**Student:** 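The structure follows.
Below, chains carry the letters A, B, ... as their sequence lines are ordered, and counting in each starts from 1. Remember, predicted model here, so these are calculated numbers, not experimental data.
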Protein chains: 2
Amino acid sequence: MAITIRDVAKEAGVSAATVSRVLNNSGYAHEDTRKAVLDAIHKLNYKPNEVARSLFKQKSKLIGLILPDITNPFFPALARGVEDQLREEGYRLIIGNSDEHLEQEIDYLDTFIQHNVVGIIASVNEAHSDMLKNLNIPVVLLDRTIESLPAVYADQFEGGKLAARKIVELGCKEITIIRGPVEVKPVYERFVSSFQTLRQAGVKINVFDSKLSFQGASNSVKTLFDKYPNTNGILACNDIVAVAVMNEAQRTGRRIPEDVQIIGFDDISICEIVYPGLSTIRQPAYEMGAKAAEIIIKKVKQEVLPNIHCKLPVQFVERESTRKVGD
Amino acid sequence: MAITIRDVAKEAGVSAATVSRVLNNSGYAHEDTRKAVLDAIHKLNYKPNEVARSLFKQKSKLIGLILPDITNPFFPALARGVEDQLREEGYRLIIGNSDEHLEQEIDYLDTFIQHNVVGIIASVNEAHSDMLKNLNIPVVLLDRTIESLPAVYADQFEGGKLAARKIVELGCKEITIIRGPVEVKPVYERFVSSFQTLRQAGVKINVFDSKLSFQGASNSVKTLFDKYPNTNGILACNDIVAVAVMNEAQRTGRRIPEDVQIIGFDDISICEIVYPGLSTIRQPAYEMGAKAAEIIIKKVKQEVLPNIHCKLPVQFVERESTRKVGD
């Protein structure tokens, strides 16, 4: 039979709530009471997680990071940014991949807290807003936003607009926007912004759906040029999808950028080594991760922070999948 | 002034070593001694990491993972394999990137232990063998091997041989092996094996050096075709380097696979979406990670394991950067 907190309370002649207060160093407990509780713990050899936890709590330098999927190349750079910055200050990273599944996100949140993390950086969706706001430890959103919680993210609206303006400026008349899953907020925002910008420009717009993963993108885009054979400009929801589109374009005999111009989103490392090089909207992934780490450490140290939303700028990176201006 | 373990020892009338033994539950300590030590700790309000650590130790479900660099696309799949398998059993992952730097590896090992990990999965080099063997917790090597420690890795010799045989079989007469850094053991092994196999086949062999990272590979391979303009077969040390070579080949007007055939190593997701698709030697990264996690959990649970070295098979994956046999 396991010794419970009630056994300890009985032995020490106090309430379970008092034992808990002593263990958690929360609220007032007289020194004699503290001593009685600790003696009872010792006598009964009571060693649950909670004991360790309370003692450990003040000492842990663990930060939990929840990401959608580390095998999506946008996230390793983000994670390295977090890790390198945490490391500077002696903190360490526990990591969990949610695959954007709510229950997996909750499961990781729970167990991170059980493992005494002192802060959480989360790339999760709105569904958790209540849960996240009610945690007793600091939370920083990364690449996502939830009202009233600190967040670090890139300017998706600006990115979507920038890509759309560029492709119009480069002479494309029938533009296909490849839209990712609408439930992934940053991806949806860049879509909306591109769509609105293109509509204002008065060009022909097609909307084509794709998954974000390698396998998903590869399968999704196979029918793109059958469906829209005359499209001469493509805005992809991320770089992986853009590379899959470049593949499909070359396979169907289209020259890039002469016949079709393609702009990605993210600026993952692949963009530079594929042929032709992929023009894209750069999100500063590493810097976003580092910034989130910097903020969580300040929060852990209870420093006062003025701005809770930190929106980082995006930029157009020109490579070879688009024409040079003036061509 | 901080209370030290020596103050506790003095107060309890025992040696510092005894205090340490009590705190770490290691070695023998009489029950009265234990009590004296714990009383002294209480009286002096001594609360270093170590207290929490010893109490927490038995409870933690944290596993530490040291990787060279999560932004190298081989490693996210490996890490997901580890994480998904750990998750099945309720364990969690602390992660550290070493960049193959000895001091960073040691720093992570130290702090993982301070954070009460119950096991370590390490993708590190031989330099640590003594340190790793002397840890009090289980260690499993991943993608690396150190004699007498459990390890999960792919068959690099077979992979190197397979690639070399294939490129000869496909008709290449002047073959360039792109060798990665010789201090990265699996990369060096595949090089040696390819080299030996090619020598036996009597073809002309060039050896060209490259870094493994995106940026490094991209810069390294720029001079490849200047140096070896007649090479018609290339064995790259990893897929990133292979994609950079494909880029350079296309840029210099070479047709793939008609003029030059290229084989990568790893089978990262990119291989499938670039154009042309990259033929490569597949290492089962996800499965390697999952297997290492399975072994570390068994070790943590003190189950008896028969084979400590687990060598997983590799295979040739044919795509479009090589000719079809018989072409």
**Student:** Heavy-atom pairs under 4.5 Å with chain A are the metric here; pick the option from B/Asp99, B/Leu65, B/Asp39 that has the most.
**Tutor:**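 The residue among B/Asp99, B/Leu65, B/Asp39 with the greatest pair count is B/Asp99.
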
**Student:** Indicate whether any N or O donor in one side chain lies under 3.5 Å from an N or O acceptor in the other, for B/Arg80 and A/Thr71.
**Tutor:**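 Their side chains do not contain a donor-acceptor pair, so the 3.5 Å distance test is not met.
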
**Student:** Do you know which of B/Ser213, B/Gly90, B/Gly96, B/Ala79 has the most heavy-atom pairs with chain A at a distance under 4.5 angstrom?
**Tutor:**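 If we count pairs closer than 4.5 Å to chain A, B/Gly96 comes out on top.
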
**Student:** Below 4.5 Å, heavy-atom pairs only: which of A/Gln250, A/Glu272, A/Gln215 has the largest tally toward chain B?
**Tutor:**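 Ranked by heavy-atom pairs under 4.5 Å with chain B, first place is A/Gln250.
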
**Student:** Measure B/Asn72 against the heavy atoms of chain A and call it side chain, backbone, both or neither at under 4.5 Å.
**Tutor:**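 Contact with chain A is absent: no heavy atom of B/Asn72 under 4.5 Å.
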
**Student:** If you count heavy-atom pairs within less than 4.5 Å of chain A, which of B/Lys43, B/Glu320, B/Glu248 leads?
**Tutor:**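 Winner by heavy-atom pair count: B/Glu320.
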
**Student:** Who among A/Leu38, A/Val243, A/Ile273, A/Val274 has the most heavy-atom pairs with chain B under 4.5 Å?
**Tutor:**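 Counting heavy-atom pairs under 4.5 Å, the top option is A/Ile273.
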
**Student:** Between A/Glu83 (side chain) and B/Asn97 (backbone), is there a donor-acceptor pair under 3.5 Å?
**Tutor:**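 Flag set: sc A/Glu83 to bb B/Asn97 pair under 3.5 Å.
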
**Student:** Taking the side chain as every heavy atom from C-beta outward, state whether A/Met246 and B/Tyr275 have any atom pair closer than 4.5 Å.
**Tutor:**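 No. Closest side-chain heavy atoms not under 4.5 Å.
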
**Student:** Of all heavy-atom pairs between B/Lys61 and A/His115, which one has the smallest distance, and what is that distance?
**Tutor:**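 Closest pair (atom of B/Lys61, atom of A/His115, distance): N-NE2, 3.2 Å.
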
**Student:** Just verifying a value: how many Å separate B/Tyr91 OH and A/Thr111 OG1, rounded to the nearest 0.5 Å?
**Tutor:**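 These two atoms lie 13.5 Å from each other.
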
**Student:** Among B/Ile70, B/Asn247, B/Ile268, which residue forms the greatest number of heavy-atom pairs with chain A at distances under 4.5 Å?
**Tutor:**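 Of the candidates given, the most pairs with chain A belong to B/Asn247.
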
**Student:** So for B/Ile270, is it side chain, backbone, both, or neither that comes closer than 4.5 Å to the heavy atoms of chain A?
**Tutor:**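 When you check distances to chain A, atoms from both the backbone and side chain of B/Ile270 fall under 4.5 Å.
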
**Student:** So with a 6.0 Å cut-off around CD of B/Glu258, is the heavy-atom count from everything else above 12?
**Tutor:**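 Yes, because the 6.0 Å sphere around CD of B/Glu258 holds more than 12 heavy atoms from other groups.
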
**Student:** Does any backbone or side-chain atom of A/Gln104 lie under 4.5 Å from a heavy atom of chain B? Answer side chain, backbone, both or neither.
**Tutor:**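 When you check distances to chain B, atoms from both the backbone and side chain of A/Gln104 fall under 4.5 Å.
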
**Student:** Can you tell me which portion of B/Ile240 sits under 4.5 Å from chain A's heavy atoms? Options are side chain, backbone, both or neither.
**Tutor:**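 When you check distances to chain A, atoms from both the backbone and side chain of B/Ile240 fall under 4.5 Å.
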
**Student:** Check each atom of A/Asp84 against the heavy atoms of chain B and say whether the ones under 4.5 Å are side chain, backbone, both or neither.
**Tutor:**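 No part of A/Asp84 comes within 4.5 Å of chain B.
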
**Student:** So what's closer than 4.5 Å to chain B heavy atoms on A/Ile95: side chain, backbone, both or neither?
**Tutor:**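 Looking at A/Ile95, backbone and side chain both touch chain B.
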
**Student:** Report which part of A/Lys35 has an atom under 4.5 Å of a heavy atom belonging to chain B: side chain, backbone, both, or neither.
**Tutor:**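 The answer is both parts of A/Lys35.
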
